[in-house]
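Values below: all heavy atoms of this structure, side chains included; hydrogens, waters and symmetry mates excluded.
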Amino acid sequence: ETQNVSLGVSLLRRSEMDRITFNGGYFYGRQRDRDSGDHITSQNEWFAGLQYDYFFTPKLYVYANTRVERDEIANLDLRLLAGLGGGYQLFETADFRFAVEGGGGWSYEVYDNAGSSDHAFIRCAYHIAKKFGTRLALFHDLEIFPSVEDFSDFFLTTQGGLRASLTKAMFAEMKIVVDHDSTPAPGSKNTDVKYIFGAGITF
């Protein structure tokens with residue numbers, strides 16, 4: 001017997017001069033042991049991210065962003081990322097969006113069994129979304145945060161998937177989310193992979 005819940009929200013406000021993007025999600029799962037009857041939590045994590053972009057030209061912009069997350073199974077009590085940088089919107093049409101970003105920032109992590117740490121990082125990212133007709137869309141986002149002191153110490157998060165419109169407001173979505181921490185807490189795995197199929201509503 002397994003129980004799984006995943007919730008996500010994505011908000012975007014775009015004007016001629018700036019753009020505000022917010023993303024958040026919560027993932028929970030547990031399963032029941034057939035022998036003992038006990039329920040074991042297999043997933044319990046959440047994240048929230050906010051980014052502000054200011055456009056100097058229709059394509060060139062600077063950004064400020066922050067991301068906070070927690071993962072009980074990975075013994076991560078808190079990860080806080082805050083950064084500044086620049087981006088270039090290579091394409092931004094109704095059917096195709098593609099942007100690349102680069103910058104730097106600061107990371108603070110607190111682990112349940114390994115204390116806390118902080119370091120400066122470099123950030124590289126890209127965001128791609130392509131529509132096919134009026135109903136199908138593919139998307140892929142990637143962010144990597146290598147430490148300035150040691151490039152082998154990095155955090156990476158990426159997601160990709162397919163979205164299909166069911167009505168003007170409802171859609172079905174299938175996506176894969178991968179989080180990789182090259183230096184996880186002792187006893188924790190460094191890679192977390194989620195396969196998510198669900199439905200959503202647009203406003």
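Tyr52 and Arg13 form no side-chain donor-acceptor contact under 3.5 Å, judged by distance and modelled atom types alone. Between the side chains of His140 and Tyr126, at least one donor N or O lies within less than 3.5 Å of an accepting N or O. If you check the side chains of Ser152 and Asp150, you find a donor sitting under 3.5 Å from an acceptor. In summary, the side chains of Asp18 and Ser15 do present a donor paired with an acceptor at a separation below 3.5 Å, with no hydrogens or angles considered. A donor-acceptor contact under 3.5 angstrom links the side chains of Gln51 and Asp53, judged on distance only. Side-chain polar atoms of Tyr26 and Asn44 form a donor-acceptor pair below 3.5 angstrom.
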In sequence, state the C-alpha distance, the side-chain angles, and the governing distance for Lys175 and Phe139, and then conclude on side-chain contact (heavy atoms from CB on, under 4.5 Å).
CA-CA 9 Å; Lys175 66 180 179 180; Phe139 59 90; 3.9 Å; yes

Run the side-chain contact (heavy atoms from CB on, under 4.5 Å) test on Asp77 and Tyr111 for me, step by step, so that the C-alpha distance in whole Å, both residues' side-chain angles and the decisive distance to 0.1 Å come before the verdict.
CA-CA 5 Å; Asp77 286 341; Tyr111 289 98; over 6 Å; no

Give the C-alpha distance, both sets of side-chain angles, the deciding distance and a yes or no for side-chain contact (heavy atoms from CB on, under 4.5 Å) between Gln43 and Glu72.
CA-CA 7 Å; Gln43 188 176 35; Glu72 178 184 317; over 6 Å; no

Could you please spell out the steps behind the side-chain contact (heavy atoms from CB on, under 4.5 Å) verdict for Leu81 and Trp106?
CA-CA 6 Å; Leu81 306 169; Trp106 173 77; over 6 Å; no

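Residues His180 and Phe154 bring their aromatic ring centres within 6.0 Å.
Tracing side-chain contacts under 4.5 Å through hydrophobic residues (I, L, V, M, F, W, Y), one reaches Val68 starting from Tyr28; they form part of the same cluster. Both Leu138 and Leu136 sit in one connected hydrophobic cluster of ILVMFWY residues. Membership requires side-chain heavy atoms under 4.5 Å apart, directly or through other members. No single ILVMFWY cluster, assembled from side-chain heavy atoms under 4.5 Å apart, contains both Tyr88 and Val62. Grouping the Ile, Leu, Val, Met, Phe, Trp and Tyr side chains by contacts below 4.5 angstrom, directly or via other members, places Val9 with Leu50. One hydrophobic cluster, built from ILVMFWY side chains closer than 4.5 Å, cannot hold both Tyr108 and Leu76; they sit in different ones.
A cation-pi contact, defined as under 6.0 Å to the ring centre and within 45° of the axis, is absent between Arg97 and Phe91. Both tests hold for Arg123 against Tyr63: distance to the six-membered ring centre under 6.0 Å, angle to the ring axis within 45°. In this structure, Lys131 is not positioned above the aromatic face of Phe96 in the sense of NZ or CZ being under 6.0 Å from the six-membered ring centre and within 45° of the axis. Judged by a 6.0 Å distance limit and a 45° cone about the ring axis, Arg67 is positioned over the six-membered ring of Phe47.
Among residues at least two apart or in separate chains, salt bridge (Lys or Arg N to Asp or Glu O under 4.0 Å) pairs with a member in residues 157-172 are Arg163-Glu173.
Side-chain contact check for Phe27 versus Ser6: some heavy-atom pair is nearer than 4.5 Å. Leu80 has its side chain within reach of Thr66: a pair of non-hydrogen atoms, C-beta onward, lies under 4.5 Å apart. With a 4.5 Å cut-off on side-chain heavy atoms, Phe155 and Thr157 count as touching. Considering only heavy atoms from C-beta on, Val148 comes within 4.5 Å of Ile122 through its side chain. Looking at Thr41 and Gln31, their side chains never come closer than 4.5 Å, going by heavy atoms from C-beta outward. Here the side chains of Leu12 and Arg19 are in contact, with some heavy-atom distance below 4.5 Å.
Not one N or O on the side chain of Ser116 forms a donor-acceptor pair closer than 3.5 Å with the backbone of Val110. Checked by atom type and distance alone, the side chain of Ser107 never pairs as donor or acceptor with a backbone atom of His119 at under 3.5 Å. Checked by atom type and distance alone, the side chain of Ser165 never pairs as donor or acceptor with a backbone atom of Thr167 at under 3.5 Å. Thr158 contributes a side-chain N or O that, together with a main-chain N or O of Asp141, makes up a donor-acceptor pair within less than 3.5 Å.
Residues Gly29 and Asn4 share a closest heavy-atom pair of CA-OD1, 3.6 Å. Smallest separation of non-hydrogen atoms from Ile201 and Phe171: N-CE2, 3.5 Å. Minimum interatomic distance between Gln89 and Pro58 (heavy atoms only, all atoms of both residues): CB-O, 4.5 Å. The two residues Asp179 and Lys194 make their nearest non-hydrogen contact at OD2-NZ, 3.3 Å. The two residues Asn113 and Ala185 make their nearest non-hydrogen contact at OD1-CB, 3.4 Å. Residues Tyr61 and Val100 approach most closely at OH-O, 4.1 Å, considering heavy atoms.
Salt-bridge check for Glu92 with Arg14: passed, with a basic side-chain N closer than 4.0 Å to an acidic carboxylate O. Look at Arg79 and Asp181 and you find a salt bridge, because one of the NZ, NE, NH1 or NH2 atoms lies within 4.0 Å of a carboxylate O, short of that distance.
Atom CG of residue Leu156 and atom SG of residue Cys124 lie 10.5 Å apart, to the nearest 0.5 angstrom. Interatomic distance, OG1 of Thr93 versus CZ of Phe98, reported as 13.0 Å (0.5 Å rounding).
Summarising the local packing, NZ of Lys130 is surrounded by more than 12 heavy atoms from other residues, nucleotides or ligands at distances under 6.0 Å.
Ring geometry for Phe56 against Tyr54 counts as perpendicular: the plane angle is over 60°, on a 0 to 90° scale with 30° as the lower cut.
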